[in-house]
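In what follows, a structure is listed as structure tokens, so that the remarks can point back to it.
One is the number of the first residue; the rest follow in order along the sequence.
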Amino acid sequence: MSEATRAVQTPARRRRRRRGRTGANVFVRVLRDRNGRIGFVIVCLLAVVAILGVTGTLPHDPLANYPDWRMRGPSARFWFGNDQFGRDVAARCAVGVWYSLRVALVSVAMAAVVGSALGISAGFFSGWLDQIVSRIVDIMFAFPAILLAMAVVAALGSGWTNTAFAIAIVYTPIFARVSRAPTLSVRTSEFVKALRVQGIPTWRIMLRHVLPNVSAPIVVQVTLAVSWAILTEASLSFLGLGPKPPAASLGLMVADSSSTVALAWWTLAFPAFFIAIAVIGLNLLGDGLRGALDPRRAGE
């Protein structure tokens with residue numbers, strides 16, 4: 001009985017080991033690439049900053065006012081200086097990074113799941129479903145991303161969940177288009193035809209065989225979309241469609257600093273720096289992932 005069990009489990013164990021080796025190889029290739037290595041380090045540092053902000057382990061409360069320190073520059077006590085209310089800019093930047101990453105990750109996760117499901121389904125089944133999905137995607141692409149996000153937030157109201165939902169709606173068609181194109185070629189491949197002849201259910205073919213073969217561009221698109229989502233969230237906050245004062249948000253901090261930047265440059269420089277470094281780091285990581293997942297480099 002034990003030998004039969006081992007015989008049944010051996011193929012599954014082999015597949016798990018093969019997937020583990022593939023994931024490790026991709027990670028090693030990302031670190032070998034200069035852009036991927038730099039992007040990975042930046043993203044890790046941003047994650048540490050976000051954790052410090054959300055756990056409240058920083059020396060100062062981001063909402064606390066220190067009247068005696070109003071408009072003072074960076075110092076040993078307040079690393080990034082203080083704003084017009086005497087609040088610690090460093091603590092507020094850390095909370096702002098956490099807010100931006102949370103909104104970006106949640107929105108991109110929703111967009112990736114829904115968009116990829118629509119794109120793979122449209123590419124695999126083709127016909128009328130492909131026509132409907134393609135026309136909806138074309139219509140959504142006709143609207144500028146920021147305007148569409150503004151319209152959704154204005155309709156739903158402020159709050160990080162509504163902001164994440166609005167950004168997800170904006171980026172869903174991108175994932176639909178990215179996943180549809182490779183699915184069209186995979187559905188006509190010989191191994192998919194063989195699986196259909198064997199009577200394998202369609203949902204099993206799509207989940208177990210089609211999705212892994214089209215996942216590489218989706219993974220790269222996720223990293224790029226997160227950087228775009230951070231920019232979109234900062235833009236919405238800057239325009240007053242994000243969290244309300246005195247909440248800490250990078251875009252809101254940039255908006256608040258517009259009246260004080262002539263006297264206190266640090267109130268603008270540091271939140272803008274975190275927005276820029278997040279976008280740069282995620283784009284570099286996406287560039288490294290693109291090279292690591294390139295099938296032409298699979299043997300390296």
Side-chain angles (χ1 to χ4, degrees), residues 38-39 41-54 56-105 107 144-147 149-150 153 158-160 163-164 166-167 226-284:
I38 296 173
V41 171
I42 292 175
V43 170
C44 288
L45 292 177
L46 288 174
V48 171
V49 172
I51 292 172
L52 292 176
V54 71
T57 54
L58 293 171
H60 304 288
D61 188 338
L63 300 180
N65 296 333
Y66 300 90
D68 296 337
W69 290 80
R70 291 178 64 250
M71 304 288 285
R72 291 199 184 185
S75 62
R77 181 177 179 184
F78 298 98
W79 301 337
F80 294 171
N82 302 77
D83 62 8
Q84 64 269 34
F85 300 106
R87 297 173 299 192
D88 183 18
V89 175
R92 292 180 64 79
C93 282
V95 176
V97 170
W98 157 248
Y99 181 86
S100 296
L101 287 178
R102 176 177 61 174
V103 171
L105 292 174
S107 62
I146 186 63
L147 292 182
M150 288 173 58
V153 173
S158 60
W160 79 269
T163 302
I167 297 174
V226 170
S227 67
W228 301 339
I230 290 175
L231 272 179
T232 305
E233 185 278 322
S235 301
L236 293 174
S237 298
F238 180 83
L239 295 172
L241 296 175
K244 302 302 180 183
S249 169
L250 296 177
L252 184 60
M253 292 175 67
V254 172
D256 290 341
S257 67
S258 59
S259 60
T260 62
V261 64
L263 301 174
W265 57 266
W266 52 88
T267 58
L268 171 65
F270 289 111
F273 167 78
F274 278 106
I275 294 174
I277 200 67
V279 173
I280 292 172
L282 287 164
N283 275 279
L284 290 175

Open item on the list: Phe274 vs Leu46, test: side chain to side chain contact (heavy atoms under 4.5 Å, CB included). Steps then yes/no.
Closed with: CA-CA 8 Å; Phe274 278 106; Leu46 288 174; 4.1 Å; yes

TODO: Report the distance from atom SG of Cys93 to atom CG of Leu52, rounding to the nearest 0.5 Å.
DONE: 13.0 Å

Task: Value rounded to 0.5 Å, distance of OG1 in Thr267 from CD in Gln84 - done: 7.0 Å

Open item on the list: Do Arg72 and Phe78 have side chains that approach each other closer than 4.5 Å (heavy atoms only, starting at C-beta)?
Closed with: no

- [ ] Supply the atom-to-atom distance Arg92 CZ to Leu58 CG, rounded to the nearest 0.5 angstrom.
- [x] 13.0 Å

Open item on the list: Would you say that Thr260 contacts Asp83 through its side chain, given a criterion of any heavy-atom pair below 4.5 Å between the two side chains?
Closed with: no

- [ ] Starting at CH2 of Trp98, measure out to CD1 of Ile51 and round the result to the nearest 0.5 Å.
- [x] 9.0 Å

Open item on the list: One pair to check against side chain to side chain contact (heavy atoms under 4.5 Å, CB included): Val254 and Ile275. What are the steps and the verdict?
Closed with: CA-CA 10 Å; Val254 172; Ile275 294 174; 4.3 Å; yes

Task: Centroid separation Tyr66 to Phe85 less than 6.0 Å - done: no

Open item on the list: Test of understanding: with ring-ring contact (aromatic ring centres under 6.0 Å, His included), list the residues that count as partners of Phe80, not counting sequence neighbours.
Closed with: Phe270

Per-pair distances, 0.1 Å, donor-acceptor, side chain in residues 234-245, under 3.5 Å, sequence neighbours excluded:
residue : atom : partner : partner atom : Å
Ser235  : OG   : Leu231  : O            : 2.8
Ser237  : OG   : Glu233  : O            : 3.1
Ser237  : OG   : Glu233  : OE2          : 2.7
Ser237  : OG   : Ser249  : OG           : 3.2
Lys244  : NZ   : Gly240  : O            : 2.8

Task: Donor-acceptor contact present, side-chain Trp69 to main-chain Arg87, <3.5 Å - done: no

- [ ] For Ser227 and Asn283, test the side chains for any donor-to-acceptor distance below 3.5 angstrom and give the result as yes or no.
- [x] yes

Task: From Trp79 atom CH2 to Asp88 atom CG, the distance as rounded to the nearest 0.5 Å - done: 8.5 Å

TODO: Could you tell me which non-hydrogen atom of Ala149 sits nearest to which non-hydrogen atom of Thr232, and how far apart they are?
DONE: CB-CG2, 4.2 Å

Task: Minimum-distance pair of heavy atoms, taken over all atoms of Val226 and Ala104 - done: O-CB, 3.8 Å

Open item on the list: Quick one, Asn65 and Arg70 - any side-chain contact, counting heavy atoms below 4.5 Å?
Closed with: no

TODO: Give a yes or no on whether the backbone of Val97 and the side-chain of Ser100 come within a donor-acceptor separation of less than 3.5 Å.
DONE: no

TODO: Taking all non-hydrogen atoms of both residues into account, name the closest pair between Ser258 and Val261 and its distance.
DONE: O-CG1, 3.9 Å

- [ ] Only counting residues at least two apart or in another chain, list the ones meeting salt bridge (Lys or Arg N to Asp or Glu O under 4.0 Å) with Asp256.
- [x] none

TODO: State whether the number of non-hydrogen atoms from other residues, nucleotides or ligands found under 6.0 Å of Trp160 atom CH2 is greater than 12.
DONE: yes

Task: Nearest-0.5 Å distance, CG of residue Leu282 to CD1 of residue Ile277 - done: 10.0 Å

Open item on the list: Ignoring hydrogens, what is the shortest heavy-atom contact between Pro246 and Leu63? Give both atom names and the distance.
Closed with: O-CD2, 3.0 Å

